[in-house]
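Written below as structure tokens is the structure these notes are about.
Quick caveat, the model's predicted, so the values are computed rather than measured.
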Amino acid sequence: MDESPQVKVEAPPQYDPTPCYPVLADAVAVGWSDAVGTLPKGTRVLAVDGPAVLDWAAVAAGLRAAFEGGGARGDGRSREGGPGREGRSGRVEFADVRTAVRDWETVRRLTDSDELRDDPDFARLAGGDLADLMDPRALAALADLDECGAGETGAGESGAGETGAGASAPARGGVLRILLGPGAALADSDVLWWADLPKRYAEAAVKHGRGRNLAAPEGEPPTLRRLLYIDWPLLDRHRDRMAERIDRWIDVTDTVAPTSIGGRALRETCRSLATRPFRTRPTFNSTPWGGHWAQETLGHNPDAENTALGYELIAPESGVLLGDDASSCVEVPFQLIVALSPAEVLGPAVHEMFGTSFPVRFDYLDTVRGGNLSVHCHPRPDDMRDVFGWPYTQHETYYLMHTEEHSKVFLGLREGADVEAFHHSAHAADAHGTPFDIERYVQVFPAEAGQLYLVPAGTPHGSGEGNVVLEVSATPYLYSLRFYDWLRRDAADRQRAVHVAHAFRNLDPERSGGAVARELIQRPRPLCEGDGWREEVIGALPAMFFQVHRIAVEPGRTAEQRTDGRFHVLTVVDGQGAVITTAAGHRHSVHYAETLAVPASVTAYHVHSQGPEPVRLVKAQVV
């Protein structure tokens, strides 16, 4: 008998899980044939780049079917005005770019670090370029039509080889070479396509043992460790550098019927979004401690095991949907929008401080009818830089959106806590499964709805059961160094990993005793106000580069806001919602629990309350 909790949605939610934005100067094409129909006449080499974990065999199969079976748009024209495919003939060859990588031992040597070489969970964030992992001579040979004949590059998983001639083959009266795989853009080509897979699917694939890590040989089992810390940073930088060259962006979430837009439309649309408020596509993941608030209150993922982690805006993983409706959208990385217009999105000063890294994230931790989070900390600045490879660290804050009776927050060391005994207890729990009372060492505070709890790096912390936490934090999000996880088991019935050595190396003993309540649980401080609205600072510390504010607007009233050259991020935490109207006339509704990015270039905007009750929004900005 299934004893999993029954999920009941409390009310029809206004929360929109698939916000979409129109594509400029193009329409979303569906299917490989429509994409093939945009190839210019005379194309000799087509490079199709993208993430390593993508099903490249399916990409090759889709393209081969499109070339062999025809099916371009009825008018034979490209969606950006190209000449289409009519009247072409020739042979189409496929070449697997993954055959042009350096040997695996060299790749591992280049991407490992001495400090974390044998660490089972963490790796240093990869530096360098994707080109460092490629064999330049082998790559050049793949693109040289005189160097390598059809089918000589190996079949591999991509199904490389040749397809026969025919009226539908989109090449001159000779050969079209298609280079498939990560790094294809580094070869000489006439046309560059980017085939993308949103990162939530990449992570799921690797968890289930599918796909390959970047530059890994066929048959090498993929790992999340390499995906998160090595593959994604290298591929993200590579994609961002190629952004101005991309001729077509293809969303391969559906490998049979991918959606795509032209490169010019991609860039124009992304640059347009950099001048107006917009939302990213939210996602919720399940974990062993997860709760059900997002299912019951927002109607999100009702069939999932739980909705523990809600990614509202996390730059390395979030995407933005482009198209007229969610059923036929193209998803593009939020980070690509930042990379194309960093000064407009971030603001000049923030761009100078952080480059193209969007430095703030918003996400949910849902433990309603779930369990306690682990008690953990995040790397202190020196360790984050020197060991883990991030230039800035994972400072966090917890804004309590919802609490239940007896809910609590773990935060800071107890006055006079015996750190050596704490270390011994944590080690015994990890090595021998010996439970201990974490409250002997870590303070516990009542969870108060509407309160912000500041969590500077090195502070032991965790949310208790029965809370909904809106995390307003620095962007690094993969470095939870666990002291204790309640001896919890994972899906494979193994005790979940903790990171005792890392955690105690980064533990800040100054975050202890009465200083925790005084400094990390602050009371609101008035900042400014107007007719029917006010803004207050609810969290700020000298150690943190961002502040958290709260805007309260009475029914029917409007609050005035200015970006002053720095982006804002807003979430509605109380009330029905608001309408955001910019000085340029852009309007965007934002409902309860939704998160909105306001680029620095917006300059001035109004927040107009909607609904019969006051609305409150949490706002973050870099200071």
Side-chain angles (χ1 to χ4, degrees), residues 289 291 293 308-310 312 360-368 370-378 380 393-415 417 438-439 441-474 476-477 479-484 506-525 536-550 569 571 573-574 616-621 623:
W289 48 260
W293 168 82
L309 286 167
E312 280 290 306
V360 171
R361 63 178 163 89
F362 276 48
D363 60 274
Y364 289 118
L365 306 175
D366 174 4
T367 62
V368 175
N372 296 329
L373 266 68
S374 68
V375 176
H376 55 281
C377 73
H378 303 298
R380 296 168 77 175
T393 197
Q394 191 169 334
H395 295 306
E396 292 189 334
T397 73
Y398 278 12
Y399 184 86
L400 271 291
M401 295 257 301
H402 169 91
T403 62
E404 296 184 346
E405 190 176 2
H406 307 306
S407 294
K408 55 192 176 184
V409 172
F410 300 90
L411 185 65
L413 290 171
R414 285 193 174 279
E415 186 73 52
I438 191 71
E439 295 183 29
Y441 310 107
V442 176
Q443 297 188 67
V444 175
F445 296 91
E448 180 184 342
Q451 177 63 51
L452 186 80
Y453 301 78
L454 290 100
V455 188
T459 306
H461 67 285
S463 172
E465 178 184 349
N467 294 330
V468 176
V469 173
L470 173 64
E471 278 196 309
V472 180
S473 303
Y477 65 111
Y479 303 91
S480 292
L481 311 178
R482 299 183 191 130
F483 297 99
Y484 187 54
N506 283 278
L507 176 64
D508 185 352
E510 298 299 315
R511 302 298 181 186
S512 63
V516 173
R518 288 194 308 272
E519 299 172 7
L520 306 187
I521 308 175
Q522 301 176 358
R523 292 300 155 190
R525 302 186 299 281
E536 52 199 7
V537 178
I538 59 173
L541 281 177
M544 292 185 170
F545 62 80
F546 62 94
Q547 289 185 353
V548 185
H549 297 188
R550 185 168 55 202
V569 182
T571 295
V573 295
D574 288 298
R616 295 201 298 180
L617 303 93
V618 162
K619 179 178 85 173
Q621 62 186 65
V623 293

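Side-chain contact between L365 and Y398 is present, with heavy atoms from C-beta onward closer than 4.5 Å. In this structure, P456 and L541 have side chains that are in contact, with non-hydrogen atoms separated by less than 4.5 Å. With a 4.5 Å cut-off on side-chain heavy atoms, L617 and V573 do not count as touching. Between Q522 and V537, every side-chain heavy-atom pair lies at or beyond the 4.5 Å cut-off. Looking only at side-chain heavy atoms (C-beta outward), E519 and E510 stay at 4.5 Å or farther from each other. Looking at V469 and L400, their side chains come closer than 4.5 Å, going by heavy atoms from C-beta outward. Counting heavy atoms from C-beta on, the side chains of L452 and V618 never come closer than 4.5 Å. Considering only heavy atoms from C-beta on, T571 stays 4.5 Å or farther from V472 through its side chain.
At distances below 3.5 Å, not a single donor-acceptor pair connects side-chain atoms of R511 with backbone N or O atoms of P460. Side-chain N or O atoms of T367 include one that pairs as donor or acceptor with a backbone N or O of N467 at under 3.5 Å.
Checked by atom type, the side-chain pair Q451/R523 shows a donor-acceptor distance below 3.5 Å. Side-chain contact check for T459 and H461: no donor-acceptor pair (N or O, by modelled atom type) lies under 3.5 Å.
Nearest heavy-atom pair across S512 and Q443 is C-NE2, 3.9 Å. Contact detail for N372 and G464: the closest heavy-atom pair is OD1-CA, 3.2 Å. In terms of heavy atoms, L481 sits closest to H378 at CD1-C, 4.3 Å. Nearest heavy atoms, A474 versus F546: N-CE2, 3.6 Å. V368 and H402 get closest at one heavy-atom pair: CG2-CD2, 3.7 Å. The two residues V516 and G412 make their nearest non-hydrogen contact at CG2-CA, 3.9 Å.
Under the rule for a salt bridge (Lys or Arg N to Asp or Glu O under 4.0 Å), the partners of R616 that lie at least two apart in sequence or sit in another chain are D574. For E404, the salt bridge (Lys or Arg N to Asp or Glu O under 4.0 Å) criterion is met by no residue, not counting sequence neighbours. Partners of Y399 according to the side-chain hydrogen bond (donor to acceptor under 3.5 Å, both in side chains) rule, which considers only residues two or more places apart in sequence or in another chain, are R550.
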